[in-house]
Structure formats: C-alpha cells, structure tokens
Amino acid sequence: MERINNIPTLVSNDLPPAVRAFWDSAPSSFRVPAILTAIDCYCALGTRLRFKYTYDLDPHALLLQVIVVAEAASGKSFTRPIVKQLMRPLRLRDKEMKRIEQAYQELKKTASKNKQLPEEPITDVRCLQTITKAKLVKRADMFIRKYGEPLSFWFYNEELATMTESNKRAFADLRTMDRLAYDLGAEYGSDTLSDASYNADVDVLYCSLFCSTENALEEYMDKRSIEGGNCTRKVLTDLGDLMGEDAPQFRALTDEENKVIEATVKHLMDITYADDGSLKPTVLVPMEWLDYHVRRWCQDQRQLVLKTGSRARNCFYKRASVSAARMTCLLYYLWGEKEEKRCARFYRFMASYILEGLLGRWGRRYEQMHKNEVGDDNVVKVSLYDQLPDQFSRDQLRELIVKLDLTTPERVFICKWKRAKLIYQMDDSKGVFSKNY
C-alpha cells in the first residue's frame, strides 16, 4: 500500500484559545487526540453553524465522526474529562428534558383508564451513549416536530466494544446511519409494521466520539463498511505504541483557560437556543477564502493518485478534505472570523493527518478489495511514477507495472499522466515519454 508521509506541522499558536488550551495541557503524543476531542465537542455544540464547501452547492453542517484507537489501559480515558467539561450545559439541558419525559410516563402509569391524558411532550435530547434505531429515529423526529429543523446529536462511548457486543443488531443499523449522519439533508426512513417501532423520515445528524481497541475497531469496520464508505467518514487518531511508557500526565487547565472555554461553550449554546426555548437561525460562516487552499491540496492529492495508481488515496482524500474543512470552519469562527493564514495551515495539517490515518489503517484492504495493488505491508513505497526514469518507454512502464503487481494497463497511466501534464511524448514512432518538471 502506497503511503507518502508529508503531514505539515501544527503549532499551538495556530489554534484559537478555546482549542489551544487542550493542546498546551496535553503530553506531546496526546496533543492531536486532545484537540480532536475538543473540536468534536465544539462542532456538536455549534449545530447551527453552516458553511459552503467549494465542491458542493448545498451548505455543510459541522459533523464529525472521531475514533480514538489505543490498546486497553493505555490512556483513552483522557477523553472523559474533556467531554464532561465541554458538554456539561447540553447534558444538563438533556436531563431536564428527560425529567419531563419521565413525569409523563409516571402520569400514564397512575392515570385511570377513563381519564384523558394530555399529549405526549415533545422534547429534544441530544447527548447519546447507546441507543436503538427506533429511539434514534423518534428523537430525530422530535427536533422536526418541535423546531421544524434537525439538530445534531452528540454520540459518545468510551468503549466501542460495549456497543458491538451488547446489541449487535441495533449497532448494525447504526452503522448504516453512520453514512447518512455525516451529511446534512441525507434522510433516513423507517417504515415497519411493528407497533413498538417508530416510523418517520428524518434527517439524522450526529457528531460522534468512540474510543476503541484494535480488535473492536476491526469488528466494527468490516469489509462491507470499508466498501460502503463508512471508513472514509471517520477521523482516526491513533495513540500509537505506548508499551513501557509512563501513564500520560495532563496539566490542569488554568483559571484563565477555563474561563475562555466556558465562554466559548456558552456562546455556542446561545447561538443555538433563544431565551424562550426556540431555535435561533443558522449562521453561515464566510469560508470562501478557504476554497483556494482546498482545491490546491486536492490537486496535490490527485497528482499523487495519478503517479501511484492508488485507488485508496483516490477514495480517501475527498472526505479527508471535507472533515478537515469542517474543523477549519469551527476554528475560523472561534477566532472571530479572522486568522485565515493560521486556519489554512490547520486545514492542510488536518487534511493530511486524516488521510494518512485512513491509508495506514484501511488503505491496503481497500486496494485488495479493488484488486489494484497488493502489498506485503503498510510500509512507505516509492510511487510508480517516481520509480520510472526521466525518459521511459511503454515497454519499461509495462514491465514495472507487472513487477509491482498492478492491474491497471499502462495505456491508462499514460493517458492520465499526459492529461495532467506529468509527461509528454518525445517520439511517436518509438513510444518514448519524458517527465515534466
């Protein structure tokens, strides 16, 4: 499997204060996982934020699906205090909604059969840990009934294995919704004969954060999930090999950092809910300045796809860019809609980081499924284009393709390279080509 490690650098000052606090307080190997956890929470809170992505006509909501991977007892629980701090106001609101639901259920139990009950209260509960498909559809439909618009759920579980083991059928349904929950406007329909079910066509949206071991992730992301595109929607952050290392030591946040974080959470809640409990209008963040950087990064990836023939990179880079752009929109908004240069650096870093994580985890399996390139392992390899001399013939290209066990014919590479102006033909009669530099 072809991988090229070219992830740009990211420094503390590239991040707005509400995110920077989690970077500065984390050990070096936990910095990116820590800010991904925080950004994921902020995106769930900022459910009314929208922006235009350069390749799409419809606006995007800030929807992320993050997975933290590490061995058991290796420090994945660092996510818990971050989530608890950032999601506290939303969870308190959820508790009040659940008390209203419980009061109605108690009334149903104690009311006489002849007494007419009031209508069931319409609540909006957004923080989830594990849930059945019918309940998720019902809660999503309540947003529409109450506000006329969808809101994003916050889906957090410290152990992915508890979800895959406790209710395999329900989790299989949720994996299907994973694909739809990534995009605004992708409706999920439920229509069954069961009276115990809940039938509706809803726009299920959620930001999710799952902590997982290698085995649990392998069980969750099976062949069908990889082929169906579930994996491309994930932001994978791997804590790496921590064998023999001391337990991670996070610095306590300062009073000033806590004030900034608290103010940010309050602001994101305030742009969602009005004082009377109604929903505030969506906020369109001006992100046109990012279009150039997105197109340039994507063009670089297309060049690598043409040089390597990697179908995995061709598939993975597109949604890696989308996820990175959504995070960049959040950071730009938290900066106060300024600091384009810092946000552009963050976009390039995060897009590359996400792509390399996807390639390293699922790239080889994706290539095998498409019978394009079967490598021995996920080591770094020189691309097909770079292994050719500056001037080469069709026969040389064909021989190298056979050596690398590629199935794409040499004429396809030549056609695409010429179209991308990576090569030009020197002699029509001999079929000799030269690289463009």
Can you label the angle between the [X] ring and the [Y] ring as parallel, tilted or perpendicular, going by 30° and 60°?
X	Y	answer
Phe250	Phe30	perpendicular
Tyr156	Trp154	parallel
Tyr147	Tyr273	tilted
Phe155	Tyr206	perpendicular
Phe413	Trp417	tilted

Can a salt bridge be assigned to the pair [X] and [Y] using a cut-off of 4.0 Å between side-chain N and carboxylate O?
X	Y	result
Glu257	Arg251	yes
Arg48	Glu149	yes
Arg313	Glu367	no
Arg99	Glu96	yes
Lys138	Glu120	yes
Arg326	Asp183	yes

Less than 3.5 Å apart, any donor N or O on the side chain of Arg342 or Asn13 sitting next to an acceptor on the other?
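Not at all, the side chains of Arg342 and Asn13 share no donor-acceptor pair under 3.5 Å.
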
Quick one: do the Ser352 and Trp297 side chains pair a donor with an acceptor below 3.5 Å?
yes

Side chain [X], main chain [Y], donor-acceptor under 3.5 Å:
X	Y	value
Arg233	Gly229	yes
Arg224	Met221	no
Asp56	Asp58	no
Thr47	Ser152	yes
Asn314	Val305	no
Gln65	Asp178	yes
Asp94	Arg126	yes

Could I get the full list of side-chain hydrogen bond (donor to acceptor under 3.5 Å, both in side chains) partners for [X], not counting sequence neighbours?
X	value
Lys52	none
Ser25	none
Lys146	Asp124

Measure across [X] and [Y] and return the closest heavy-atom pair with its distance rounded to 0.1 Å.
X	Y	result
Ala351	Ala324	N-CB, 3.5 Å
Met87	Cys127	CE-SG, 4.5 Å
Ile354	Lys234	CG2-O, 4.0 Å
Cys207	Leu62	SG-O, 3.3 Å

Check: [Y] and [X] side chains under 4.5 Å, non-hydrogen atoms:
X	Y	answer
Ser77	Glu158	yes
Leu86	Phe22	yes
Lys318	Cys298	no
Tyr332	Leu290	no
Val11	Trp23	no
Phe349	Thr9	no
Leu279	Phe143	no
Ser321	Tyr347	yes

Do Thr282 and Leu49 pass the side chain to side chain contact (heavy atoms under 4.5 Å, CB included) test, and can you show the C-alpha distance, the side-chain angles, and the key distance before you say yes or no?
CA-CA 6 Å; Thr282 57; Leu49 297 177; over 6 Å; no

Which pairs, with at least one residue in residues 30-42 and sequence neighbours excluded, count as a salt bridge (charged side-chain N to carboxylate O under 4.0 Å, His left out)?
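The answer is none; no pair qualifies.
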
Can you run down the salt bridge (charged side-chain N to carboxylate O under 4.0 Å, His left out) pairs that involve residues 11-27, sequence neighbours left out, and say none if there aren't any?
Asp14-Arg345

Should Thr213 and Glu71 be marked as a side chain to side chain contact (heavy atoms under 4.5 Å, CB included) after you check the CA-CA gap, both sets of side-chain angles, and the distance that decides it?
CA-CA 5 Å; Thr213 60; Glu71 297 176 357; over 6 Å; no

Chi angles and distances behind the side chain to side chain contact (heavy atoms under 4.5 Å, CB included) call for Tyr55, Val322
CA-CA 9 Å; Tyr55 290 109; Val322 170; over 6 Å; no

Which of these, Leu209, Thr37, Thr79, Ile39, sits in a side chain to side chain contact (heavy atoms under 4.5 Å, CB included) with Val66?
Leu209

Tell me, with the steps shown, if Leu160 and Asn157 meet side chain to side chain contact (heavy atoms under 4.5 Å, CB included).
CA-CA 6 Å; Leu160 183 60; Asn157 199 299; over 6 Å; no

Are His267 and Tyr333 close enough that their ring centres sit under 6.0 Å apart?
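So the answer is yes for these two rings.
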
For residues 259-266, run the donor-acceptor check on the side chains, cut-off 3.5 Å, and write out each pair with its distance to 0.1 Å, sequence neighbours left out.
unit_1	atom_1	unit_2	atom_2	d
Thr264	OG1	Val260	O	2.8
Lys266	NZ	Asp270	OD2	2.9

Distance in Å, [X] [atom1] paired with [Y] [atom2], rounded so as to fall on 0.5 Å steps:
X	Y	atom1	atom2	answer
Leu384	Leu306	CG	CG	11.0 Å
Ile226	Tyr366	CD1	OH	10.5 Å
Glu337	Trp289	CD	CH2	10.5 Å

